[in-house]
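One structure, as structure tokens, below. Some questions next.
Fair warning: this is a prediction, and the values are worked out from it, not measured in the lab.
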Amino acid sequence: MTSESPRNVLFVVMDTVRKDHLTPYGYDRPTTPGLEAFAEEATVFEQAVAPAPWTLPVHASLFTGMYPSQHGADQENPYLDGATTLAETLSAAGYDTACYSSNAWITPYTHLTDGFDDQDNFFEVMPGEFLSGPLAKAWQTLNDNDALRAVADKLVSLGNTAHEYLAGGEGADSKTPAVVDQTMEFVDDSEQFFAFINLMDAHLPYHPPKEFRDEFAPGVDSTDVCQNSKEYNSGARDIDDDEWEDIRGLYDAEIAHIDSQLTRLFDHLKETGRWDDTMVVVCADHGELHGEHDLYGHEFCLYDPLVNVPLMVKHPELEADRREDQVELVDLYHTVLDSLGVDGGTPASPGDDVVALDRTRSLISGSYRQFKRADATDPGQRGDGKYAFVEYSRPVVELKQLEEKAKDAGITLPEQSRYYSRMRAARRREAKYVRIDRIEDEAYRIDEDPEETTNLADSEDDLIAETEATLAEFEEAVGGAWDTADDADVSDDAVQEMDEEAQERLRDLGYME
């Protein structure tokens with residue numbers, strides 16, 4: 001890499017990839033030889049924290065520099081609205097911008113692709129042409145109405161069911177080769193670029209290509225194992241140790257496929273002379289649970305396998321080394337602006353909220369995390385810069401599916417449970433405190449108890465108390481603690497209240513007759 005700041009940025013999100021399943025983080029299976037080579041010229045961050053445990057709010061935070069409660073994109077408001085995105089800012093500054101993924105949340109109907117000059121979502125069930133224009137308007141209409149929001153939840157549930165069905169079979173779920181192909185074409189045609197890609201292979205369901213299944217899950221039939229986390233989490237389905245081993249093998253195979261495709265992309269940048277002049281970010285948006293805490297997937301909790309994510313950054317201002325200090329994925333918004341020399345801060349549309357470059361948030365800045373130098377309008381600039389914050393509003397889409405699986409099995413879910421809860425956490429390297437609105441809070445000394453098995457919320461541990469107090473400061477800064485429970489009802493009503501255009505678009509997709 002040149003000694004000057006790179007002209008380009010390649011930003012890679014490996015969706016749902018756990019840190020401890022990657023070779024650079026000490027995993028004993030060779031899932032990621034390509035990333036292991038990449039780590040030799042990048043900074044590997046051991047303590048990177050995501051702002052939420054699932055895709056939509058994390059990506060909205062990456063694209064706005066805001067925490068979830070600031071940008072408002074979550075399952076009860078499933079689109080980004082009224083915020084200027086990183087892509088809009090960079091496009092206005094003259095950069096070619098592109099976003100390629102096969103994640104249904106990163107599409108025009110959620111507005112996460114606003115500002116990208118080119119985008120393709122490769123989504124198998126609802127292709128891109130359906131996720132813009134009239135349907136995008138219909139989706140927003142549904143979610144702007146309290147009564148109709150449940151209808152939108154049902155549609156996502158139906159879409160997920162269809163996706164699970166259609167994605168079955170050998171390698172059917174992987175659009176990653178096409179994402180990589182289109183990224184290479186975009187890079188080749190660009191003078192200076194910001195390319196963002198999301199790779200979905202490691203997200204349920206796991207149907208890896210045969211080459212990788214044979215290596216990491218030999219003899220495992222992916223259609224025989226539990227591929228629906230809601231079946232397990234609802235209590236409708238049990239998974240024994242042998243099946244968990246098979247599931248993890250398939251998961252590893254999917255990660256290995258991602259690694260092979262990233263290696264192909266990286267090799268192309270090197271062969272075409274773009275590698276040295278490109279900042280490369282590789283991270284996960286969140287991780288996954290495989291039976292830990294009796295949970296499967298990435299819902300209903302804020303445990304470390306979900307929120308302590310992999311992060312590797314190649315930039316001339318960063319040493320090719322490992323870092324143990326805690327960082328946040330929210331910081332990457334500022335790091336990209338800083339690297340490309342763009343201050344930002346100008347709304348793309350009148351009235352938009354927009355975050356300007358703050359070098360105390362930039363990983364490549366000498367004043368990184370020196371929050372005493374900041375203007376303190378950022379709610380996360382608390383304490384001595386050692387804290388990260390995570391937010392999880394009520395997961396209504398997952399909850400609806402969970403209730404359906406429970407009902408089919410004759411199970412009634414307790415309303416006073418984590419399934420119906422909102423959660424916020426403050427985390428530092430040594431400790432974590434999680435505020436939960438329906439059940440008891442959780443707190444852990446993760447330096448002494450990395451598996452988070454002993455709840456210390458009611459203990460007299462000084463560091464736990466300090467972490468809880470810092471969380472309280474953050475909560476006050478974002479509008480107050482979630483200390484009263486939301487209504488547990490997520491029923492479907494009032495379909496007839498949809499406007500005719502919304503109904504017509506939903507008929508086109510087969511959701512209505």
Side-chain angles (χ1 to χ4, degrees), residues 19 43-52 58 61-62 64-70 283 302-304 307-311 313 315 317-319 321-338 355-392 423-435 441-450 452 456-457 459-481:
K19 184 179 76 172
T43 301
V44 179
F45 293 88
E46 296 279 1
Q47 302 287 334
V49 179
V58 173
S61 291
L62 292 174
T64 64
M66 303 175 191
Y67 288 97
S69 57
Q70 293 177 286
C283 68
L302 297 180
Y303 295 115
D304 258 19
V307 300
N308 179 201
V309 296
L311 172 63
V313 182
H315 190 282
E317 294 296 326
L318 296 173
E319 295 183 8
D321 201 354
R322 310 186 82 84
R323 276 178 51 172
E324 297 283 349
D325 56 315
Q326 182 169 266
V327 304
E328 296 182 87
L329 293 193
V330 175
D331 302 333
L332 295 173
Y333 170 91
H334 298 275
T335 305
V336 171
L337 289 177
D338 199 9
V355 174
L357 169 62
D358 182 344
R359 288 189 171 84
T360 70
R361 281 282 194 181
S362 169
L363 293 169
I364 62 173
S365 168
S367 59
Y368 179 62
R369 291 263 151 180
Q370 296 178 15
F371 289 159
K372 291 181 179 179
R373 299 186 181 184
D375 61 12
T377 58
D378 181 338
Q381 293 178 333
R382 306 286 128 190
D384 53 9
K386 293 182 179 179
Y387 286 91
F389 301 95
V390 190
E391 300 184 293
Y392 187 36
M423 306 178 187
R424 278 199 179 110
R427 185 192 188 276
R428 55 182 293 156
R429 288 179 52 193
E430 304 89 351
K432 179 196 291 182
Y433 195 97
V434 186
R435 186 102 61 213
D441 292 351
E442 297 179 359
Y444 303 98
R445 281 297 301 263
I446 50 182
D447 55 346
E448 302 170 354
D449 178 25
E452 298 169 286
L456 300 176
S459 73
E460 296 182 359
D461 186 289
D462 290 342
L463 200 54
I464 294 294
E466 179 184 320
T467 304
E468 191 277 333
T470 306
L471 174 59
E473 291 181 22
F474 174 83
E475 290 171 317
E476 182 179 0
V478 294

Counting N and O atoms only, with roles assigned by atom type, does the side chain of S61 sit under 3.5 Å from a partner on the main chain of M66, one being a donor and the other an acceptor?
yes

Indicate yes or no for a side-chain donor-acceptor contact from E391 to the backbone of S69 under 3.5 Å, with no hydrogens or angles considered.
yes

Looking only at non-hydrogen atoms, find the nearest pair between T360 and Q381 and report the distance.
OG1-NE2, 3.2 Å

For R429, all residues meeting side chain to side chain contact (heavy atoms under 4.5 Å, CB included), sequence neighbours excluded
Q47, E324, Q326

If you compare all heavy atoms of V307 against all heavy atoms of L302, which two are closest, and at what distance to 0.1 Å?
CG2-O, 3.8 Å

For R435, the salt bridge (Lys or Arg N to Asp or Glu O under 4.0 Å) test, sequence neighbours excluded, returns D441, E468, E475

Side chain proximity check, E452 to Y303, heavy atoms < 4.5 angstrom
yes

Nearest 0.5 Å, what's the CG-OH distance between L471 and Y433?
8.0 Å

Could you label the plane-to-plane angle of the F389 and F474 rings as parallel, tilted or perpendicular, counting under 30° as parallel and over 60° as perpendicular?
parallel

So do the side chains of T335 and S362 get within less than 4.5 Å of each other, counting heavy atoms only?
yes

Could you check if a side-chain atom of T43 sits within less than 4.5 angstrom of a side-chain atom of L363, using non-hydrogen atoms only?
no

With F45, which residues qualify under ring pair (Phe, Tyr, Trp, His ring centres under 6.0 Å), at least two apart?
none

To the nearest 0.5 Å, what is the distance between CD (E319) and CZ (R322)?
14.0 Å

Salt bridge K432-E442, side-chain N to carboxylate O under 4.0 Å:
no

Any side-chain heavy-atom pair of Y67 and D378 under 4.5 Å:
yes

Would you please name every residue forming a side chain to side chain contact (heavy atoms under 4.5 Å, CB included) with A431, sequence neighbours left out?
R428, R445, L463, I464, T467

Nearest-0.5 Å distance, CG of residue L456 to CD1 of residue I446:
11.5 Å

Pairwise side-chain contact, Q70 with V355, heavy-atom cut-off 4.5 Å (strictly under)
no

Might you confirm whether atom CD of E476 has over 12 heavy atoms from other residues, nucleotides or ligands at distances under 6.0 Å?
no

Check whether any side-chain heavy atom of V58 sits under 4.5 Å from a side-chain heavy atom of P51, and report yes or no.
yes

Residues in side chain to side chain contact (heavy atoms under 4.5 Å, CB included) contact with V309, at least two apart in sequence or another chain:
A48, A50, A284, L329

If I take atom CG from residue D358 and atom OG from residue S365, how far apart are they, to the nearest 0.5 angstrom?
8.5 Å

Run L311 and L332 through side chain to side chain contact (heavy atoms under 4.5 Å, CB included) and show every step you take.
CA-CA 10 Å; L311 172 63; L332 295 173; 4.0 Å; yes

Can you measure from CD (E448) to CG (D461) and round to the nearest 0.5 angstrom?
7.0 Å

With salt bridge (Lys or Arg N to Asp or Glu O under 4.0 Å) as the test, would you mind laying out the steps for D304 and K19 before giving the verdict?
CA-CA 10 Å; D304 258 19; K19 184 179 76 172; over 6 Å; no

Does D462 CG have over 12 foreign heavy atoms under 6.0 Å away?
no

Salt bridge or not between D331 and R369? Use side-chain N to carboxylate O under 4.0 Å.
yes

D325: partners by side chain to side chain contact (heavy atoms under 4.5 Å, CB included), with sequence neighbours left out
R323, V327, Y368

